[in-house]
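For the numbers below, each heavy atom of this structure counts, side chains included, while hydrogens, waters and symmetry mates do not. Convention: sequence-line order gives letters A, B, ...; per-chain numbering from 1.
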2 protein chains.
Amino acid sequence: MAESNAGDETGRLRLDRRARRRQETTEEILDLATEVMTEHGVNGLTLAEVARRLGVQTPSLYKYFPSIGAVYDALFERAAQQNLDALREGMARGEPGLDSLTTGLEASGRWVLKNQALAQLLFWRPVPNFEPSPAAFAPSKEIAGIQQQAIVEAVTAGQLGPDAFEEAGYMVAILIKGVLTQAMANEPHLDWGKGRYTPLFPKLLKLLPAAYPPART
Amino acid sequence: MAESNAGDETGRLRLDRRARRRQETTEEILDLATEVMTEHGVNGLTLAEVARRLGVQTPSLYKYFPSIGAVYDALFERAAQQNLDALREGMARGEPGLDSLTTGLEASGRWVLKNQALAQLLFWRPVPNFEPSPAAFAPSKEIAGIQQQAIVEAVTAGQLGPDAFEEAGYMVAILIKGVLTQAMANEPHLDWGKGRYTPLFPKLLKLLPAAYPPART
DNA sequence: GTCTATACTCCGATAGAC
DNA sequence: GTCTATCGGAGTATAGAC
């Protein structure tokens with residue numbers, strides 16, 4: 001109570017600064033963890049290696065995360081959020097319906113190829129005994145909803161027949177995951193749009209009307 | 001030279017028996033390694049755990065494999081060979097062309113869903129610092145050739161246009177990998193033909209003629 | 001071909017001084 | 001919030017007796 005008379009303002013600023021500094025360190029830990037996963041595989045992440053790169057001793061990291069599982073969880077959530085953002089931005093660049101879905105998934109694919117370690121954590125679940133928390137999983141659920149909404153708009157616009165409601169979302173997921181799996185396994189150093197697989201994606205999405213033909217007008 | 005007069009026949013039988021016993025143990029090690037990967041993930045394979053399950057001390061395994069990398073290599077080769085066998089058998093049950101390709105890839109998909117740990121080793125390369133040897137990779141190369149051959153037959157039979165030569169093999173790879181990736185990530189306990197993804201595979205392959213329309217006759 | 005013993009390296013996590 | 005020290009455990013691999 002009687003320690004410092006510097007005033008409320010300075011006190012709050014100091015707290016804010018500390019909170020901000022802590023937040024920055026937390027983000028840096030996650031950045032370094034992503035680097036380690038990129039070099040040593042998703043399972044090759046260790047707190048010891050992150051600590052070395054941060055220039056700090058391993059136990060210090062436990063002031064920021066209670067366990068390595070918590071680090072994975074934060075990585076999962078951040079990755080899902082970034083992928084969701086990429087999808088949203090990409091979809092905004094296209095006309096509602098199949099066009100928007102195409103530009104959105106291409107933007108999502110670009111993010112995946114530039115963040116392959118995070119994408120593996122997100123899509124393939126390669127870490128035994130790690131299950132993302134509900135909070136970390138929330139953005140992933142939103143992605144599925146957004147894609148289904150695009151299908152609905154494509155049906156409304158007459159681009160797809162009404163039988164697309166049930167199945168087309170799964171088909172779209174198959175197509176984008178197939179393209180990305182092949183690209184990551186066989187051409188991991190190429191960006192989206194290069195190589196043998198990702199350029200085929202627009203062609204694949206254009207096949208959807210053949211699978212779910214709209215009623216002729 | 002002058003050790004035993006039991007005769008050539010007995011000597012050869014003894015050698016054969018020893019060789020057979022050694023081969024059996026080798027196979028058992030690979031079976032147990034597959035079990036461990038199924039339970040603990042592909043990266044969760046350790047020689048210590050395999051030794052425990054075999055009822056033997058860890059160093060004994062080094063009489064059969066010089067390193068854990070050699071175990072991964074043998075697993076990779078065996079998996080690729082089994083998958084190739086499944087594809088061949090499945091293709092033999094269909095008419096040459098797209099029909100054969102469909103039945104073959106469905107049989108391959110059935111094998112994958114029943115051997116998911118091996119399939120991950122085969123398709124996703126989740127083990128850092130492990131590259132399959134050329135010998136282990138040979139069956140995988142043959143699979144690509146067989147699929148391309150089926151495309152050629154489909155074009156010859158007039159099911160696909162000639163522009164399929166270049167691209168359709170990659171498209172087929174995208175489709176089967178997409179279906180399997182989604183099934184393994186979201187419905188790993190379901191067999192082929194069940195769930196939301198694998199039943200869509202025939203429908204997807206039937207879209208190929210829409211992508212590469214044959215010349216009208 | 002099996003064992004014991006061991007060298008070596010690494011990791012996650014906690015306790016407690018500062 | 002950082003450090004040192006430490007516990008407890010795991011793994012790969014080798015040496016050498018039997």
Side-chain angles (χ1 to χ4, degrees), chain A residues 3 11 13-30 32-37 39-76 121 126-131, chain B residues 3 11 14-30 32-37 39-75 121 126-131:
Chain A
E3 47 170 9
L13 278 177
R14 223 172 238 158
L15 282 178
D16 285 356
R17 195 146 41 214
R18 276 190 195 160
R20 198 168 59 241
R21 174 93 175 106
R22 183 182 173 82
Q23 183 60 27
E24 284 172 2
T25 304
T26 303
E27 294 292 323
E28 196 172 357
I29 289 170
L30 295 179
L32 291 171
T34 304
E35 281 185 22
V36 174
M37 286 195 299
E39 293 173 28
H40 297 86
V42 176
N43 282 282
L45 173 62
T46 65
L47 293 183
E49 181 61 25
V50 172
R52 274 190 289 273
R53 297 183 186 211
L54 190 58
V56 87
Q57 294 301 314
T58 308
S60 302
L61 297 181
Y62 285 83
K63 291 289 177 181
Y64 297 89
F65 294 95
S67 72
I68 191 173
V71 176
Y72 274 121
D73 204 60
L75 287 168
F76 188 100
L121 180 64
V127 183
N129 307 322
F130 164 64
E131 283 291 318
Chain B
E3 48 171 9
R14 226 172 237 159
L15 282 179
D16 285 355
R17 191 142 48 212
R18 278 191 194 161
R20 198 167 59 241
R21 175 92 176 107
R22 183 181 173 83
Q23 184 61 25
E24 286 171 3
T25 304
T26 302
E27 295 290 325
E28 196 173 357
I29 289 170
L30 294 179
L32 291 171
T34 304
E35 282 184 23
V36 174
M37 287 195 298
E39 293 172 28
H40 296 82
V42 176
N43 283 280
L45 173 62
T46 65
L47 293 183
E49 181 61 25
V50 172
R52 275 190 289 273
R53 298 186 185 208
L54 191 58
V56 86
Q57 294 302 314
T58 309
S60 302
L61 297 182
Y62 285 83
K63 292 288 177 182
Y64 297 90
F65 294 95
S67 72
I68 191 172
V71 176
Y72 274 121
D73 205 60
L75 288 168
L121 181 65
V127 183
N129 307 323
F130 166 63
E131 283 292 317

Scanning both residues in full, the closest heavy-atom pair of B:M37 with B:Y72 reads SD-CE2, 4.1 Å

Of the listed nucleotides D:dG11, C:dG12, D:dG1, the one nearest the side chain of A:K63: D:dG1

Would you indicate, yes or no, if D:dG1 has its OP1 or OP2 atom less than 4.0 angstrom from a side-chain nitrogen or oxygen of A:S60? no

With a 4.0 Å limit, can you tell me whether B:Y72 has a side-chain N or O closer than that to the phosphate oxygens OP1/OP2 of D:dT12? no

Separation of atom CZ in B:R18 from atom C1' in C:dG1, rounded to whole Å: 10 Å

If you compare all heavy atoms of B:I68 against all heavy atoms of B:L45, which two are closest, and at what distance to 0.1 Å? CD1-O, 3.6 Å

A:L45 atom CG is separated from C:dC10 atom P, nearest whole Å, by 16 Å

Under 4.0 Å, counting only non-hydrogen atoms across every strand here, what does A:Y62 touch: a base, just sugar-phosphate, or nothing? base

Between D:dT2, C:dG12, C:dC3, which one does the side chain of B:P59 approach most closely? C:dC3

Could you give the OH-to-P distance, from A:Y64 to C:dA13, as a whole number of Å? 18 Å

Separation of A:N43 atom CG from C:dG12 atom P, in whole Å? 12 Å

Base, sugar-phosphate or nothing for A:S67? Non-hydrogen atoms, less than 4.0 Å. sugar-phosphate

Integer-rounded Å distance: C:dC3 C1' and B:L61 CG: 13 Å

Tell me, with the steps shown, if A:L61 and A:V71 meet side chain to side chain contact (heavy atoms under 4.5 Å, CB included). CA-CA 10 Å; A:L61 297 181; A:V71 176; over 6 Å; no

For A:P126, is there any backbone N or O sitting under 3.5 Å from a side-chain donor or acceptor partner on B:N43? no

Taking C-beta and beyond as the side chain, do B:F65 and B:T26 meet within less than 4.5 Å on heavy atoms? yes

Closer to the 5' end of DNA chain C via nearest nucleotide, is it A:E49 or A:P66? A:E49

Please report the distance, rounded to the nearest Å, between CD in A:Q23 and P in D:dG1. 12 Å

Considering only heavy side-chain atoms of A:L47, the closest of D:dG1, D:dA13, C:dG12 is C:dG12

When rounded to whole Å, the CD to C1' distance for the pair B:Q57 and D:dT12 reads 15 Å

Given C:dC11, C:dT4, C:dT2, which nucleotide is nearest the side-chain atoms of A:R52? C:dC11

In this structure, how many angstroms lie between the C1' atom of C:dG1 and the CD1 atom of B:I29, rounded? 11 Å

